[in-house]
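All chains are named by letter (A, B, ...) in the order of the sequence lines, taking the proteins before the strands, and each is independently numbered beginning at 1. Only this structure's heavy atoms are used, side chains among them; waters, hydrogens and symmetry mates stay out.
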Amino acid sequence: MKEFFDEFLHEIKTPLAIMRSHLESEIGNERIPLEVRQKLVLDIEEIARVNHLVNEMKVIIQSQRALPQLELEEVSFLALLIDVVELLSPIAQENNQNIELNAHENITLVMDAKRIKQLCYNLINNAMKYSSTGARIEVSLYSSTEGIELHIKDNGIGISKENQAKIFDQFFRVSSKKEGSGLGLSVVSAIVSMHKAQMSLESTLGKGSEFCILFPQS
Amino acid sequence: MRILVVDDEQKLRENICTLLKSHNYEAEGSSSGEKALDRLYEQHFDLIILDIMMEEMSGLEMLKLLREAQNSITVLMLSARDRIEDKIEGLDIGADDYMSKPFSNLELLARVRSLLRRESQSKSVKLFYKDLILDQSLRSVERAGAVLDITAKQFKILELFLMNRDIVFTKLQLSEHLWGEECTMRSTNAIDAHLKNLRKKVGVEVIETMRSIGYICRSV
Ligand SMILES: Nc1ncnc2c1ncn2[C@@H]1O[C@H](COP(=O)(O)OP(=O)(O)OP(=O)(O)O)[C@@H](O)[C@H]1O
Ligand SMILES: [Mg+2]
């Protein structure tokens, strides 16, 4: 069954990649009217969206394996966080939000960097998405006696006790006001478990949320 | 630069060749390992793009034969899946790099470029746009003689544009190039901001906006 899923997802990704590459090669073709090419760009983004969903499913399925395939390397955690914050800060600025990064400089962790980047991206992106303009998002990283702790805290809309238990479920969303598929946090928990880390959540409706991830010290 | 693309899947082989040709490489396809070995006898190539999974002779077998014959040509391996075993075996036998299918055009071009650059032994390579000079080995950018204060990401975007004149890049391609596939969804808007900052530093005329399509750097 599991093998079947791998095969299946791969069979979806291949035609997507072919379609995308065909469309991309026409983007600069000046014999095609500009309006048509503008539509092609939107089509490419849709293809990428499906591909992204497939990738998310892949991570979730992977995490349920006894031996998930990780590409482990020792990485500077701060550098990785700076990278993600650099990507998201222009969007934050547009919404007058402020991402504050407090991290100990010398923390390294043996991790699958791509996956951890995705985890950080999903959590910081959520913090921004579910907060109003002018919000403050705090990202902190430090090592404690228990391991390496990553905290992502917002003063946004918060999550009710009842929903806190559900938000990690696949496709669950509290409301559909904002764009999204409801897979982001499932991917986060999958990545957490693949790294043998632990995640906790503290949140108060109307006040804000704090996601905390504890990585075992390597 | 001459590249030999070895893959028994015709569609993919032709796709890769077309892509490479449109980026001014000389590319040629081979449908099997045997044919490829024959071609390598007759003609000098700078790089082989080699599929692992082929019907008759597998890519790994072909690579083994090549290396046994003391041929040290640069080889980029392709495999059907993220199979770490294949990757390790390929690199053990002497592949220079490895990529799993499916991959994006940009990813392939980036690998090819970096492999070919490695091959020409990191001579100081400079890219020019009017009075703008980008030094790939020093990783610095100068404009009218003054060194610009530029971030690593900005360098990476500028390098991409200067190396690929007259080619349109979409925001999606740019954000994947900079941050990878994992964190690009819904953040293509951020790319506009990053490009705006870059253009402020290097001069707005270097990178042109094509509305609702992307960005382009034209040859001067
Ligand atoms: N920081 C947060 N503050 C308040 N609510 C949140 C926060 N993070 C997540 N949620 C709630 O949990 C739900 C699930 O989050 P999740 O990231 O899995 O999906 P999503 O953000 O809706 O979509 P996507 O798949 O694009 O991430 C969200 O729809 C939102 O209702
Ligand atoms: Mg989300």
Asker: Do B:Ser32 and B:Glu56 get their side chains close enough for a donor-acceptor pair, meaning under 3.5 Å?
Answerer: no
Asker: Go through the atoms of A:Ile44 and report whether side chain, backbone, both or neither lie under 4.5 Å from a heavy atom of chain B.
Answerer: both
Asker: At a 4.5 Å cut-off on heavy atoms, which part of A:Asn55 comes close to chain B: side chain, backbone, both, or neither?
Answerer: side chain
Asker: Tell me, side chain or backbone of A:Leu40 under 4.5 Å from chain B's heavy atoms, or both, or neither?
Answerer: neither
Asker: Starting from the C-alpha separation in whole Å, work towards a yes-or-no answer on side chain to side chain contact (heavy atoms under 4.5 Å, CB included) for A:Asn126 and A:Leu185.
Answerer: CA-CA 9 Å; A:Asn126 276 351; A:Leu185 284 176; 3.7 Å; yes
Asker: Return yes when atom NZ of B:Lys153 has more than 12 non-hydrogen atoms of other residues, nucleotides or ligands closer than 6.0 Å, and no otherwise.
Answerer: yes
Asker: Could you tell me which portion of A:Leu70 (side chain, backbone, both or neither) has an atom closer than 4.5 angstrom to a non-hydrogen atom of chain B?
Answerer: backbone
Asker: Does a side chain donor of either B:Lys35 or B:Ser31 reach within less than 3.5 Å of an acceptor in the other side chain?
Answerer: yes
Asker: Just by distance, no angles: are the side chains of A:Gln62 and A:Gln69 close enough, under 3.5 Å, to form a donor-acceptor pair?
Answerer: no
Asker: Using non-hydrogen atoms only, which part of B:Thr18 is less than 4.5 Å away from chain A: side chain, backbone, both, or neither?
Answerer: neither
Asker: At a 4.5 Å cut-off on heavy atoms, which part of A:Asn122 comes close to chain B: side chain, backbone, both, or neither?
Answerer: neither
Asker: Using a strict cut-off of less than 4.0 Å between a Lys/Arg side-chain nitrogen and an Asp/Glu carboxylate oxygen, indicate whether B:Arg2 and B:Asp46 qualify as a salt bridge.
Answerer: no
Asker: Partners of A:Asp112 by salt bridge (charged side-chain N to carboxylate O under 4.0 Å, His left out), sequence neighbours excluded?
Answerer: none
Asker: Can you list everything that forms a salt bridge (charged side-chain N to carboxylate O under 4.0 Å, His left out) with B:Glu55? Sequence neighbours excluded, please.
Answerer: none
Asker: What pairs with B:Lys201 under salt bridge (charged side-chain N to carboxylate O under 4.0 Å, His left out), at least two apart in sequence or on another chain?
Answerer: none
Asker: Any side-chain donor paired with an acceptor under 3.5 Å for A:Arg115 and A:Gln118?
Answerer: yes
Asker: Name the region of A:Glu30, side chain, backbone, both or neither, that has any atom closer than 4.5 Å to a heavy atom of chain B.
Answerer: side chain
Asker: Report which part of A:Gln38 has an atom under 4.5 Å of a heavy atom belonging to chain B: side chain, backbone, both, or neither.
Answerer: both
Asker: At a heavy-atom separation under 4.5 Å, does A:Glu86 approach chain B through its side chain, its backbone, both, or neither?
Answerer: both
Asker: Under 4.5 Å heavy-atom distance to chain B, tell me which part of A:Arg37 shows up: side chain, backbone, both or neither.
Answerer: both
Asker: Any residues in residues 205-220 of chain B near chain A, with a heavy-atom distance under 4.5 Å, and which are they?
Answerer: B:Met210, B:Arg211, B:Ser212, B:Ile213, B:Arg218
Asker: Answer yes if the side chains of A:Gln97 and A:Gln93 hold a donor-acceptor pair under 3.5 Å, and no otherwise.
Answerer: no
Asker: Under 4.5 Å, counting heavy-atom pairs only, tell me which of A:Lys117, A:Lys13, A:Lys114 racks up the most with chain B.
Answerer: A:Lys114
